[in-house]
Amino acid sequence: MPKCTINGQEVVVKDGATIIEAIHHNNQKIAHYCWHPGLSVAGVCRLCMVEIEGNPRLQIACNTVVSEGMKINNTSEKVKDAAKWGLDFHLINHPLDCPICDQAGECGLQDQYMEFGKYDPEMAERKVKKKKVVDLGPTVVLDTERCILCSRCVRFTDEVSKTNELGIFNRGDRSEIGTFDGKELDNKYSLNTVDICPVGALTSKDFRFRQRVWYLKDAQSICTGCSTGCNVKVYFNKEGLFRVKPVFNEKVNGYWMCDEGRDIYKFVNKNARLLKGKKKKPTGFEEFFPGALAKDISSLVTADPGKVAFVVTGQFTNEEYDQVFSLWTKKWGSKNIFHWLNSPEKQNEFDGLLLRGDRNPNTQGLLKRLKDFGISTQWKDLITKINTHEIDTVVVAGPENPIWFPDFKEKLASLAKAKSLIWMQSSNHPEFENVPAGTYLIPLKSFVEKEGTFTNYSGLDQKFSKVTTIVSEALTLTEACTLLAGENLMIRPDPNVLIAAHPTADRVTLEHRKKNEFVFRRGAL
Amino acid sequence: METKLLSEHYHQDDFQNLAGYKKQGGYQVLAKALKMTSQQIIDEVKASGLRGRGGAGFPTGTKWSFLPKNNEPRYLLCNADEGEPGTFKDRLMMERAPHQLIEGMIISAFAIQSAKSYVYIRGEYNEPIRIVEKALREAYEAGFLGKNILGSGFNHEMDIYAGAGAYICGEETGMISSLEGLKGQPKLKPPFPAVQGYLRKPTIVNNVETLAAVVPIIKDGAAAYKKFGTEKSPGTKLFSLSGNVVRPGNYEVPLGYPLKDLIYKLGGGMKPGKKLKAVIPGGSSAPVLNAIEAERATMDYECLAQMGSMLGSGAVIVLDDSNCMVDMLGNLTHFYHHESCGQCTPCREGTGWLNKIVSSIMEGRGRLQDIDLLVKVADNMKGRTICALSDAAALPVLSFVQKFRDEFEYFVREGRSKVRGISYAQMHH
């Protein structure tokens with residue numbers, strides 16, 4: 001544990017820590033581009049210059065390991081001058097695209113220039129012209145002119161995704177990022193290159209030109225794309241969600257997340273949602289206010305709770321499971337709860353980095369609660385019971401994202417054989433058009449509209465808060481079930497019934513959700 | 001007079017062949033060296049004070065002793081990627097005496113206990129590649145390379161690698177990257193090559209002339225070698241004299257030899273009717289000396305360093321009064337702009353910027369503040385990058401502007417060269 005002095009302050013750092021880590025650890029500012037905590041050291045931007053006592057030359061902080069008694073200074077005029085000129089060298093061939101650049105507002109070059117810049121540009125020559133729109137693959141577009149050649153994206157594909165699609169071609173100021181012949185940037189983690197790009201050179205095809213980032217708010221949440229439970233930040237405004245980015249959590253996802261996870265916002269937005277409670281009649285759908293519909297059809301459930309089955313997916317929070325299961329088992333003494341597991345054969349798949357075959361955020365939480373409530377039912381029993389009319393009514397808590405449920409149509413058809421089917425789900429699905437009369441659809445809230453806890457594949461409980469409201473009339477699973485039980489939402493539920501069977505300690509270790517220094521610098525507006 | 005320690009037999013054509021080389025006592029030093037211990041050789045080289053002849057002038061024996069003391073495989077690389085504008089000594093050495101280099105390399109490899117070495121020859125050097133290749137074959141056939149060399153139990157393999165044509169591959173870590181099959185880009189130090197170099201194994205990179213100079217050092221001992229040259233710069237060195245002199249060429253002289261003797265005695269003086277104006281004493285990266293400085297400069301590491309220049313690779317480029325310094329600088333900035341590898345920002349952007357400013361001046365679009373800007377940009381490129389290319393690009397700019405500012409100012413004010421009388425644009429009209 002060497003002790004060093006940074007700008008006069010004594011700091012003790014870990015063995016082998018570099019100066020830049022020590023400076024960040026000490027909450028001091030230092031200009032840098034190419035250094036990224038999740039990648040190897042490139043040492044090419046030459047911005048993080050520091051003065052070390054006894055060394056006449058400035059040294060880069062990212063590649064210099066702290067040694068005992070080192071006296072480091074990064075506020076001297078010499079260091080400031082080096083950063084100023086370093087930034088100016090970055091900028092001389094960088095186009096002044098800011099008004100039309102997607103990165104504007106969260107751009108490393110803008111931020112660092114504000115902080116460390118020279119404010120006196122002297123470049124009077126013509127800039128180097130390069131290609132403006134280069135299609136790198138299905139997800140990413142490159143603007144070669146904006147690129148400052150920090151090589152973060154190249155190192156990402158070399159070291160993290162290990163797919164090696166990107167390289168730097170040509171030399172000198174003609175250098176540019178590109179894909180190798182016959183390759184395109186199409187790995188499952190390609191959009192991380194957009195996150196770590198400190199400028200607007202790499203832009204996401206999905207997000208580019210859709211919003212100026214200063215019109216977006218952001219909030220932290222958990223990705224529901226698979227059981228890894230990556231910590232994410234969702235960016236939204238009153239129109240809905242626009243993008244999802246990873247947040248550093250060393251216990252879960254590190255700095256990264258997969259491309260599929262970034263699509264989760266698409267089934268949360270209004271156009272993909274079930275907006276109204278619906279009742280299928282032979283002539284078509286009749287629309288209702290969701291809460292009213294749920295209360296109205298409560299007789300279907302309460303008349304004979306023993307003939308009601310509850311089908312649940314691993315997409316809801318632990319709190320919802322606890323309350324709904326206790327309603328079913330304690331109030332009605334029914335154990336007709338069935339777990340709808342999507343693609344059981346893929347449950348244990350893992351791609352080696354983040355993405356898991358279990359595409360539910362909370363399968364572990366559900367399994368634990370099923371066990372704790374003593375429920376061990378088989379799917380085929382449900383089908384038998386429906387066919388033998390042992391079960392009249394099926395209440396389904398369906399998936400938020402039906403894409404991950406390839407058996408959706410088949411399950412819908414088999415459950416529709418019951419006398420009445422109450423299907424609660426946040427997203428809409430084209431198959432709903434074909435349901436038989438006597439089916440009820442109740443819109444639920446998605447994960448951004450409620451708070452709760454997900455338990456990820458490793459058993460880590462992660463709490464998340466409400467982000468925004470998209471479908472204001474939608475209900476949480478607890479609310480919907482309370483109404484279906486004939487209760488009133490306004491009245492506190494009977495504490496003997498709706499107890500939290502598992503008081504979950506707040507294990508969401510907020511201290512692990514440190515800021516991803518660079519990409520997520522900007523706080524909420 | 002030249003002191004021909006290395007180049008004594010260069011004029012003999014058969015010196016290229018093994019037979020001719022052996023006739024002059026070739027490979028006897030190897031036999032002697034193999035009877036010594038490797039530490040003895042390192043000590044001898046250290047005692048001789050031999051300094052790297054590639055440009056940086058780092059003491060060779062000290063470099064060798066940086067190798068970690070373990071049994072890890074280690075490599076010896078011979079840097080024959082002679083790219084510094086004005087330098088052509090390695091080419092001569094490889095063409096005229098390939099066996100001298102090979103013998104020096106085997107001795108050096110024995111000293112650092114390396115079982116494998118490469119000669120990284122500049123790709124454009126077709127003739128040297130052919131000649132060294134032939135010599136290597138001869139050396140293998142004669143048992144100087146391969147298993148159990150001369151019955152000493154020392155095994156060594158040597159290979160040639162033809163460079164891919166980049167100036168930066170002459171930088172030692174750039175060369176290692178290139179040899180590894182990567183893009184020729186210098187690597188971040190630390191780790192230094194002596195600890196982690198080629199294939200992440202300890203590696204020693206030495207210039208052709210350095211390795212060849214090991215032969216006379218082992219032959220006659222360090223003391224005999226130290227008789228030549230000055231105290232801090234012992235030995236002899238080949239200087240590539242070029243520019244407007246009567247007899248340009250390679251001249252081997254002891255270090256500390258006066259520059260004016262090199263130009264006026266060995267080089268035969270300036271071309272008729274021309275007057276000495278400036279000398280670039282150590283390849284294009286070395287700061288320029290004006291005529292007065294050139295008169296009193298001696299060709300050794302200390303004197304040139306004291307004058308703010310450097311001995312570099314020993315390429316002496318002589319400029320006379322018909323050469324326009326703005327043109328010259330334009331040529332150099334174009335070269336460094338073209339050769340920057342593009343890794344570090346100050347060099348990648350700075351070399352381009354310098355080149356654009358000088359071009360603007362040459363095209364008559366220059367502003368007076370551009371001259372100061374050249375200095376500012378060059379100042380901020382110096383010492384800020386991974387390798388020395390940025391410094392190499394900045395130093396000539398600083399020295400040209402400092403010593404010949406009047407020519408730059410004239411060019412900006414009048415839009416034409418003070419020497420040539422016409423502008424670049426007119427010249428190429």
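Chain identifiers are assigned alphabetically (A, B, ...) following the order of the sequence lines, protein sequences preceding nucleic acid strands; residue numbering begins at 1 within each chain.
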- For Leu373(B), is it the side chain, the backbone, both, or neither that has a heavy atom closer than 4.5 Å to a heavy atom of chain A? side chain
- Are there more than 12 heavy atoms of other residues, nucleotides or ligands under 6.0 Å from atom NZ of Lys132(A)? yes
- At their closest point, which heavy atom of Cys341(B) faces which heavy atom of Ser175(A), and how far apart are they? O-OG, 4.1 Å
- Message: Quick check on Arg405(B): does its CZ atom have over 12 non-hydrogen neighbours (other residues, nucleotides or ligands) under 6.0 Å away?
- Response: yes
- How about Lys78(A): does its NZ atom have over 12 heavy atoms from other parts shown lying under 6.0 Å from it? yes
- Taking all heavy atoms of Asn380(B) and all of Phe89(A), pick out the closest pair and write down the distance. O-CE1, 3.8 Å
- Between Cys347(B), Ser360(B), Gly184(B), which has the largest tally of heavy atom pairs under 4.5 Å with chain A? Ser360(B)
- Task: Sort Ile60(A) into side chain, backbone, both or neither according to what part of it lies under 4.5 angstrom from a heavy atom of chain B.
- Result: side chain
- Message: Non-hydrogen contacts under 4.5 angstrom with chain B: give the residues of residues 11-19 of chain A involved, or none if there are none.
- Response: none
- Task: Count the heavy atoms belonging to other residues, nucleotides or ligands that lie under 6.0 Å from CD of Glu68(A), then report whether that count exceeds 12.
- Result: yes
- To the nearest 0.5 Å, atom OG1 of Thr345(B) lies from atom CG of Leu87(A) at 9.5 Å
- Query: Of all heavy-atom pairs between Arg57(A) and Thr385(B), which one has the smallest distance, and what is that distance?
  - Reply: NH2-O, 4.2 Å
- Segment of Glu339(B) engaging chain A (4.5 angstrom heavy-atom cut-off): both
- Side-chain donor/acceptor of Lys183(B) to backbone N/O of Ile168(A), under 3.5 Å: yes
- Message: Heavy-atom cut-off 4.5 Å, strictly under: side chain, backbone, both or neither for Val41(A) against chain B?
- Response: both
- Query: Around atom NZ of Lys183(A), are there more than 12 heavy atoms of other residues, nucleotides or ligands at under 6.0 Å?
  - Reply: yes
- Query: Does some side-chain heavy atom of Leu188(B) sit less than 4.5 Å from a side-chain heavy atom of Val44(A)?
  - Reply: no
- Heavy-atom proximity to chain B below 4.5 Å, by part of Ile92(A): side chain
- How many angstroms lie between CD in Glu122(A) and CG in Asp370(B), if you round to the nearest 0.5 Å? 10.0 Å
- chain A heavy atoms under 4.5 Å from Lys189(B): which part of the residue, side chain, backbone, both or neither? backbone
- Item | Member of Arg126(A), Glu125(A), Lys127(A) meeting the side chain to side chain contact (heavy atoms under 4.5 Å, CB included) criterion with Lys356(B) | Glu125(A)
- Task: Of all the heavy-atom pairs spanning Tyr167(B) and Arg171(A), show the shortest one and how long it is.
- Result: N-NH1, 4.4 Å
- Task: With the side chain counted from C-beta on, respond yes when Pro190(B) and Asn63(A) share a heavy-atom pair under 4.5 Å apart, and no when they do not.
- Result: yes
- Task: Measure across Glu349(B) and Asp173(A) and return the closest heavy-atom pair with its distance rounded to 0.1 Å.
- Result: OE1-CB, 4.2 Å
- Item | Arg46(A) side chain vs Arg384(B) backbone, donor-acceptor pair below 3.5 Å | yes
- Task: Locate the shortest heavy-atom distance separating Ile148(A) from Arg348(B); write the atom from each residue and the value.
- Result: O-NH2, 3.0 Å
